[in-house]
**Q** 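Take this structure, written in structure tokens, and hold onto it; I'll ask about it next.
The structure presented is a predicted model; accordingly, all values stated were derived computationally and were not measured. The sequence lines fix the lettering, A, B, ..., with proteins before strands; numbering per chain opens at 1.
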Amino acid sequence: MNIAQPTFAVTAPILLDAANLSCVKQDRVLFEQLSLHLKPGELLQIKGKNGAGKSSLLRILSGLAQPDEGQLQYLAQPLPAALSDYAANLCFIGHQSGIHEQLTAIENLQFWQAASDLHIQDEFTLLAELGLAGLEDIPCRMLSAGQQRRVSLARLWATSAQIWILDEPFTALDQSAIVSLQQHFIAHLQRGGAIILTTHQPLSIEYHALRALEIHYRW
Amino acid sequence: MNIAQPTFAVTAPILLDAANLSCVKQDRVLFEQLSLHLKPGELLQIKGKNGAGKSSLLRILSGLAQPDEGQLQYLAQPLPAALSDYAANLCFIGHQSGIHEQLTAIENLQFWQAASDLHIQDEFTLLAELGLAGLEDIPCRMLSAGQQRRVSLARLWATSAQIWILDEPFTALDQSAIVSLQQHFIAHLQRGGAIILTTHQPLSIEYHALRALEIHYRW
Amino acid sequence: MFKWLDPLAKPETLYHFCGKLTPWLMSSALFTLLLGNIWGLGFTPTDYQQGDSYRIIHIHVPSAIMSMGAYMAMAIAAFTALVWQIKTAQWAVLAIAPIGAVYTAIALLTGMAWGKPMWGAWWVWDARLTSELILLFLYFGVMALHGAFSERQTGAKVASLLAVVGVINLPIIHFSVEWWNTLHQGASITKFAKPSIDPSMLWPLLISLLAFSLLLAALTCVRLRTAILENEQHRPWVKQLVSKA
Amino acid sequence: MVKFSIFLQRELRLLARQKADWLNPVLFFIIVLTLFPLGVGPEPNMLRIMAPGIVWIAALLSVLLAAERLFKDDYRNGVIEQLVAAQQALMPFVLAKITANWLSTGLPLLLLSPLVALLLNMQGASLEAMALTLLLGTPVLSLLSVLGAGITVSADKGGILLALVILPLYIPLLIFASAAIEAASIGLGFTGQIAILLAMFLFSLALVPMAVCSALKINVS
Amino acid sequence: MVKFSIFLQRELRLLARQKADWLNPVLFFIIVLTLFPLGVGPEPNMLRIMAPGIVWIAALLSVLLAAERLFKDDYRNGVIEQLVAAQQALMPFVLAKITANWLSTGLPLLLLSPLVALLLNMQGASLEAMALTLLLGTPVLSLLSVLGAGITVSADKGGILLALVILPLYIPLLIFASAAIEAASIGLGFTGQIAILLAMFLFSLALVPMAVCSALKINVS
Ligand code: HEM
Ligand SMILES: Nc1ncnc2c1ncn2[C@@H]1O[C@H](COP(=O)(O)OP(=O)(O)OP(=O)(O)O)[C@@H](O)[C@H]1O
Ligand SMILES: Nc1ncnc2c1ncn2[C@@H]1O[C@H](COP(=O)(O)OP(=O)(O)OP(=O)(O)O)[C@@H](O)[C@H]1O
Ligand SMILES: [Mg+2]
Ligand SMILES: [Mg+2]
């Protein structure tokens, strides 16, 4: 594991550095000259109205889409080249949940364990922690919207990736689940992790390295 | 139009009356002996943790699914018989948005106008009101998550149905959209409408006839 | 070599480069086309076996060969686009595809017209004819894929992928006459050994072949320029260009 | 009626937007037709005998492939769920789907029949018979495949299940249609077969739309 | 390797859960085979001549239909998007998909070949040739259809586009396979065709998985 110890002074390396990004969708410029950087221990919330371009930005930051202009650097290396290192240290969960509806929660976890090197001691305790006790053996399509989201987020409890990129993780979750997810965020940050996320619900986290970046809706 | 004037005294007719509903999913009893009724001018929020059975209840209340036990009455008539009257006076918007991704916002509205007798004076002003100005002619799949939700909710601005049943209407909406949707709810209630909804986000409505019904998560 | 090619990856340079090339290509294409056809149709001796119907060879053979040539060019552009992520190469793929499809259609139609007197049927299911028909479908496939995605980029890349994979079909077309015994003519000019065709027929044929390849290049340049403008319409240099015009 | 025409307009607009929807079945039809002689051998005589069967099997397969996604999008988006909740508009919706399906797959096949005849060496009367059977048969095909699509819309596995449901219903159609073409090709009359096809058309027109509506209702509840 | 086997296990589990996935292609194959004699006429001689082509066309169509949804679920759920973002597991995932596809469609067809021979009046050598071509050809078919599915996964219209992309690539296979069966049926040797089929198999095995990976990457970006 590659997680820096909580010594993130000014000297902490810049994990992700984006310079002068721009994104154009069909003649419409969503954002231009957007720069940001992320250090260990930081949480960056991307804000903006519906349609401002938050999801588009996250897809660029996670290496899925190419920016129309600008560069990304992971640990000072330019991205298309360093993509595989970056991907190995990244956990991206988008609007879609990434779980197969026909498989049970356990089976979905096993799949992701193989696909992205998760470290799960015991799936049952993990799922129980997420409030899914007794539902481990039901195909996910029979779970409620919020329960499906919980299965999808379970990965965050088992990943060793340092950078998390999450698109509206709180969707469909009830209040208690939101609170425990936020606590988990803080634990991750304190271990030297870094998080970029979007959400329309206010964060209720008490933490010193919260930053926000607002994308203004342009037409 | 069949909307009662704001004279909802004790004598107001009971629009929807559910008695002793129960719902069983795979040996699991989600709820039993659940009774509720809805009068003009009332907003009923169904609360409960993820997986408590809120969506299942809403599908029963809207006539899509049958309860395992119990009856529904619409204006004192039992439901399977009065279903077509009831359906004509109902606007149900579920977890799925009900908009076709290949069609533009305008075309989706025209479809729903024909399908459920909406009264839209001018699609363009309606969409502009919802913050979609300039996006009327783009296929909906190119809209962001929140923008798609807005198109789907546009129906609420044009329907003459008295009873609205909404499953997590605030999902993916930004704060300003949530506020204006809630204002629209109040206007509807004051005109004698009635609303049943679920949401995990706290309502910020000031209104005298708010009621809540909690379904406890059982295992 | 790459030093010379590299600037052409830039849309603006390529646009002007194609602009300069087009008139030359176009005029030489028209010249050779006329020359080849007048010579071939008017001044070559009548074949003692086939009568005058063989004269369609001057359209059939060049268009058939160039239908494959166009595919090869398209596949090379596609490969470049995929490996080096060059957008202009991607646009070139779509610029070539319809031209290649038209060549293929011409080869098919002239072949059918020739087949009726020669073989007694418009169409027979032999390997060369069929594989040429498949070539047409491949062109269609590339064009259809291009339009089938909501993300334009995706469509362009995926179409390139199919173009590369479809190269398999080219050797099948060419060697079909050897691998299967067919009704169709064996190789007579595209052999490595000495061509087995009378020089009085060969020359006009070669000129027509040159004409078809020049025409391909010219039309590709024209279509490529439009594609560049379309894709770059919000760039400053295009806006400048438009305001100047 | 107003609803029907608005819904039909919507379907046609969707078709215009996704040209692949009606172009691809046609191309598929042509491709399958070209595969047969390849696999079976190119003797013209042979081909003429097999032609009726081939045409009709190719038609079936192309309509079938097109039908698969007919309701999928609307189901996934919740359109069908909400239509069922709103009750009255379901029937015009289904009728519009059927009409659009025929316009986009049956009609092009009909228009293609001269080309097919050319490819498969068909002559005069057979060509006429083929066009007639296609005219009467493709609407039945559309009706049946919409039925299949409706029945299987919420099934975990659409495509092939659909084929299974539809193929058996489709066999009588195949038998009579190819019998008509065969009769024509050897110079016999074929009004009998055509009359049966007509009956099948009217019969399925009367029954299928209702069946589709109830299939959709069952699928969302 | 460990990843591959876990992924393969997942695919097999999905197949076990949705039995229709592998039962339906098989049934489809059988139905198409029975349609032919119906549409074309039941003369045994005729049937024997057409048999190779028919078998291979039916095999193609059934594999094609099964391929359509191969990646759809995983695409819609965001599984593929997240796999691409995580990079390293994509290749084993694709290989598992290909293997599972062959196990669920190619293998049953192979096992069915004696039955087919019975239905279509095939004898000794032809049967052997058919089994051999199916053994070598169905993996190619699986590879190609997975390629088609990967290429078209985010396309607005899957099914038929897939067919359009795959059929041209598939035609050489059809030609050699049916040539082999035909040669066998008239008593000639067919090692040449079999060798070509083997070459095609190895060739596509080497190239297709990489092509599928890049197709998936393109589709999510
Ligand atoms: C629809 C029918 C036909 C098609 C699709 C077709 C296709 C082709 C193709 C693709 C080539 C280029 C082969 C290569 O360069 O490897 C070709 C060449 C040629 N074709 Fe055809 N052909 C057709 C009918 C005919 C007929 C009826 C004749 C005359 C009897 C004919 C005579 C030739 C000749 C002489 C060549 C030049 C061969 C060479 O030098 O390589 N073709 N044709
Ligand atoms: N494929 C596309 N083609 C054209 N425009 C697109 C495409 N995808 C997205 N857009 C546009 O880009 C804008 C930003 O979309 P994006 O999904 O990034 O918004 P968002 O900030 O995530 O919004 P939300 O809060 O609703 O999720 C939207 O206005 C949308 O119309
Ligand atoms: N088809 C089904 N088969 C078996 N169980 C099901 C089925 N559908 C739902 N359930 C179960 O019913 C319970 C209630 O689901 P429902 O969708 O009604 O929850 P909900 O209250 O809407 O939750 P959320 O807040 O997450 O949306 C869940 O625990 C789920 O596991
Ligand atoms: Mg978003
Ligand atoms: Mg719910």
**Q** Quick one: what part of Ile60(A) sits under 4.5 Å from any heavy atom of chain E, side chain, backbone, both or neither?
**A** neither
**Q** For Arg76(E), is it the side chain, the backbone, both, or neither that has a heavy atom closer than 4.5 Å to a heavy atom of chain A?
**A** backbone
**Q** Considering all heavy atoms of both residues, which atom of Ala85(E) and which atom of Leu64(A) are nearest to each other, and what is their separation?
**A** N-CD2, 4.0 Å
**Q** In Å and rounded to the nearest 0.5 Å, what is the CG to CD distance from Asp73(E) to Glu101(A)?
**A** 7.0 Å
**Q** Does some side-chain heavy atom of Asn77(E) sit less than 4.5 Å from a side-chain heavy atom of Ile99(A)?
**A** no
**Q** Judged by atom type as modelled, is there a donor-acceptor pair below 3.5 Å linking the side chain of Arg10(E) to the main-chain atoms of Asn108(A)?
**A** no
**Q** Strictly below 4.0 Å, N to O, side chains only: are Glu107(A) and Arg13(E) in salt-bridge contact?
**A** yes
**Q** Atom CZ of Arg17(E) and atom CG of Leu103(A): how far apart are they, to the nearest 0.5 Å?
**A** 6.0 Å
**Q** What closest approach, in Å, do Ala86(E) and Ser116(A) show between heavy atoms, and which atom pair accounts for it?
**A** CB-CB, 4.4 Å
**Q** Please state whether the side chain, the backbone, both or neither of Leu83(E) comes within less than 4.5 Å of a heavy atom of chain A.
**A** both
**Q** Please name the pair of heavy atoms, one in Val79(E) and one in Gly98(A), separated by the smallest distance, quoted to 0.1 Å.
**A** CG2-O, 3.4 Å
**Q** After noting the C-alpha distance and the side-chain angles of Gln96(A) and Tyr75(E), does the key distance pass the side-chain contact (heavy atoms from CB on, under 4.5 Å) rule?
**A** CA-CA 9 Å; Gln96(A) 268 83 36; Tyr75(E) 176 73; over 6 Å; no
**Q** Gln110(A) versus chain E, heavy atoms under 4.5 Å apart: side chain, backbone, both or neither?
**A** both
**Q** Using 0.5 Å steps for rounding, measure from the SG atom of Cys91(A) to the CD atom of Gln82(E).
**A** 7.5 Å
**Q** Mind listing the closest non-hydrogen atom pair of Ala89(E) and Ala115(A) along with its distance?
**A** CB-O, 3.3 Å
